[in-house]
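All residue numbers refer to positions in the sequence shown, counting from 1. What you see is a predicted model; the values in this text were computed from it and never measured.
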Amino acid sequence: MEKKKNKKQKHQHPNDQTTKPPAPSSGFSFKPSNEVKGLRFGGQFIVKSFTIRRARPLELLKLLDFAPLFNKSNTTNNKLPFPTTTAFLPTNFTILAHHAWHTLTLGFGTKKSKVVLFVFESEAMKVAVDRIWPPEIPLGEVNKKLIRGLKGFEMARFKFRKGCITFYVYAVRGAGTLGFSCADDLKSVLQSVVELKDFLDHTAMLALPNQRSLNYSPPLAMAH
C-alpha cells in the first residue's frame, strides 16, 4: 500500500519570494500600512538597535548591480533609473556591530543585515515621504515609523534572502488606489534583487569614504 503523505506544507505569503518576482499581471497583495507585515528579528532583539540610513541614488544602483546609463540616447533627460525608490542600507555602525555581536556570542549571534526598499507609485509621493522620514533610523523603529507611520497608504511586501543580506521591498500606493502606476519600476527592482548573487560578507560596504560601500566609481566629468 502506498503511504499517505501527511506532511504539512509551510505556508508562504504570496509576496515572500526567493527565486522570481511575481508578474505585474498577477497583481500584488496590497494591505493597509497598519496591517502589512514589517521587518522580522526573531529572538535577537539587540539587532533592533542597529541602524540603517537612506542610500544615495548611485548607491542604490550599485547595490542592485544596475549600471546607470548616462548616454542621452538611452535615457530621458539623463534621469537615473528608479526615481520612485527610496532605499535604506546598513550604517557603518551596524555592519561592525553585527560582526562584534557574532563574535561575542561565539557564532550564535546573527551576522545578517537588512536592506529596506520602498517603491512609491509616483515621484511626487516619494519626495513628500522622504521629507518626513529621518535619514537614519534604528531597525527596531522601521515598522512603527516608516511602515505603520504612513497613514492613508497601502503596501505590498516582498522579502528576499541573499546570503548575509535580507532585502525587504515595499510597494507603496495611496489607500483605495487600484493597480500600481509604477508596476514596471517595481518589477525592475524585484528582478534586480532576484538576480543578485548571495552576499557572503558585507564588510566590503566599509571600503570607501562616506560608506560608498558599494564600491561605486563615479564617471569622469564630461565637458559640455
Which residues pass the salt bridge (Lys or Arg N to Asp or Glu O under 4.0 Å) test with Lys114, not counting sequence neighbours? none
Salt bridge (Lys or Arg N to Asp or Glu O under 4.0 Å) partners for Glu154, two or more places apart: Arg173
Distance check, rounded to the nearest 0.5 Å: [X] atom [atom1] versus [Y] atom [atom2]?
X: Arg157; Y: Ile147; atom1: CZ; atom2: CD1; value: 8.0 Å
X: Leu96; Y: Phe50; atom1: CG; atom2: CZ; value: 10.0 Å
X: Tyr168; Y: Lys37; atom1: OH; atom2: NZ; value: 10.0 Å
X: Met155; Y: Arg148; atom1: CE; atom2: CZ; value: 9.0 Å
X: Ile137; Y: Leu146; atom1: CD1; atom2: CG; value: 4.0 Å
X: Leu190; Y: Asp185; atom1: CG; atom2: CG; value: 10.5 Å

Any donor-acceptor pair under 3.5 Å from Thr51 side chain to Thr91 backbone: no
Could you tell me if the side chain of [Y] sits less than 4.5 Å from the side chain of [X], heavy atoms only?
X: Leu139; Y: Pro90; value: no
X: Leu89; Y: Ser113; value: no
X: Leu196; Y: Phe167; value: yes
X: Thr166; Y: Leu39; value: no
X: Phe88; Y: Val142; value: no

Could you pull out every donor-acceptor pair under 3.5 Å between side chains of residues 116-123 and any protein atom, sequence neighbours left out?
{"from": "Glu121", "atom 1": "OE2", "to": "Gly174", "atom 2": "N", "distance (Å)": "3.2"}
{"from": "Ser122", "atom 1": "OG", "to": "Met125", "atom 2": "N", "distance (Å)": "3.1"}
{"from": "Glu123", "atom 1": "OE2", "to": "Lys79", "atom 2": "NZ", "distance (Å)": "2.6"}

Compare every heavy atom of [Y] with every heavy atom of [X], then report the nearest pair and how far apart it is.
X: Ala87; Y: Leu60; value: CB-CD1, 3.8 Å
X: Phe30; Y: Val172; value: CE2-N, 4.5 Å
X: Leu61; Y: Pro81; value: CD1-CD, 3.9 Å

Phe153 and Val36: CA distance, side-chain angles, deciding distance, side-chain contact (heavy atoms from CB on, under 4.5 Å) verdict: CA-CA 11 Å; Phe153 290 85; Val36 72; over 6 Å; no
Applying side chain to side chain donor-acceptor pair (under 3.5 Å) to Thr86 and not counting sequence neighbours gives Lys126, Asp130
Report the residues that fulfil side chain to side chain donor-acceptor pair (under 3.5 Å) with Lys145, sequence neighbours left out, ordered by chain and then residue number.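 With sequence neighbours excluded, Lys145 shows a side chain to side chain donor-acceptor pair (under 3.5 Å) to Glu141, given in chain and number order.
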Counting only heavy atoms not in Ile132, do more than 12 fall under 6.0 Å of its CD1?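 Atom CD1 in Ile132 is crowded, with more than 12 foreign heavy atoms closer than 6.0 Å.
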Just wondering, more than 12 heavy atoms not from Arg131 lying within 6.0 Å of its CZ?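 Atom CZ in Arg131 is not crowded, with 12 or fewer foreign heavy atoms closer than 6.0 Å.
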Using ring pair (Phe, Tyr, Trp, His ring centres under 6.0 Å) as the criterion, list what pairs up with Phe82, not counting sequence neighbours. Phe66
When you group the ILVMFWY residues by side-chain heavy-atom contacts below 4.5 Å and let the links chain together, are Val127 and Tyr170 in the same group?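 No; Val127 is not reachable from Tyr170 via cluster members.
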Path from Leu80 to Leu64 over hydrophobic side-chain contacts below 4.5 Å: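 Yes, same cluster.
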